[in-house]
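Here is the structure we will look at.
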Amino acid sequence: FLKETMRLYPVAPFLTRIINEPLEIHGHQLPAGAFLAVSSYVMGRNPEVFPEPEQILPSRWTRGNQDKRCRHTMALSSLPFGHGVRKCIGYRLAQLQMTLLVSRLVQEFTVSTADETEYITRMLGVQRVKPCINITPLHFESQ
């Protein structure tokens with residue numbers, strides 16, 4: 001369930017790199033110093049890799065469901081925490097926390113949604129400078 005959720009709604013919707021040396025991708029020449037952005041959001045919705053890509057199907061990830069090559073292709077097409085040496089250093093902790101949270105939620109609560117629920121993913125910008133945020137209690141009693 002968590003792999004499917006992360007496939008559809010990755011933590012980082014884009015993985016970015018600045019290329020150190022010239023690179024050719026599908027006949028396109030990219031010079032050294034070029035900015036490359038790979039959309040993990042789009043990769044996780046590729047119907048050639050994930051049949052019925054908008055459906056949450058946890059069985060996609062079970063070992064007996066697919067051959068080894070297909071599982072490898074799926075794993076490299078769903079990179080919610082990045083890949084390789086620049087993979088999120090805290091990804092294992094994040095996965096453990098998500099697993100524990102979901103397991104506690106389903107043990108203690110009934111989780112449901114309305115019959116017709118629509119989810120929209122939006123890409124948000126982040127400020128370049130650290131924002132100054134003041135937190136003031138609404139009801140403050142001096143002593």
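We number each residue from 1, following the sequence as shown. What's counted below: heavy atoms across the whole structure, side chains too, no hydrogens, waters or symmetry copies.
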query = Shortest non-hydrogen contact from Asn20 to Ala32?
reply = O-CB, 3.5 Å
key: Atom of Arg86, atom of Arg17 and distance for their closest heavy-atom approach   = CB-NH2, 3.2 Å
Option from Val49, Val42, Asn46 for which side-chain contact (heavy atoms from CB on, under 4.5 Å) with Ser77 holds = Val49
query = Looking at residues at least two apart in the chain, or sitting in another chain, which of them share a side-chain hydrogen bond (donor to acceptor under 3.5 Å, both in side chains) with Glu54?
reply = Arg45
request  = Indicate the atoms forming the closest heavy-atom contact of Pro51 with Leu57, along with that distance.
outcome  = O-CD1, 4.4 Å
ask   = How long is the gap from CG on Leu2 to CH2 on Trp61, to the nearest 0.5 Å?
value = 12.0 Å
inquiry  = Quick check: is Val38 connected to Phe35 through a chain of hydrophobic side chains (ILVMFWY, heavy atoms under 4.5 Å apart)?
reply    = no
request  = Kindly write out the residues that satisfy side-chain hydrogen bond (donor to acceptor under 3.5 Å, both in side chains) with Gln29, not counting sequence neighbours, or none if the list is empty.
outcome  = Glu24
request  = Taking all non-hydrogen atoms of both residues into account, name the closest pair between Ile56 and Phe1 and its distance.
outcome  = CG2-CD1, 4.4 Å
Which atom pairs, donor and acceptor, lie under 3.5 Å between side-chain atoms of residues 87-106 and protein residues at least two apart or in another chain?
residue, atom, partner, partner atom, Å
Thr99, OG1, Gln95, O, 2.8
Ser103, OG, Thr99, O, 3.2
Ser103, OG, Leu100, O, 2.9
Arg104, NH2, Glu108, OE2, 3.4

ask   = Are more than 12 heavy atoms from other residues, nucleotides or ligands located less than 6.0 Å from atom CD of Glu48?
value = no
inquiry  = Using every non-hydrogen atom in the two residues, find where Arg60 and Pro53 come nearest and quote the distance to one decimal.
reply    = NH2-CA, 4.2 Å
request  = Write down the atom of Ser40, the atom of Phe14, and the distance for their closest heavy-atom approach.
outcome  = OG-N, 4.0 Å
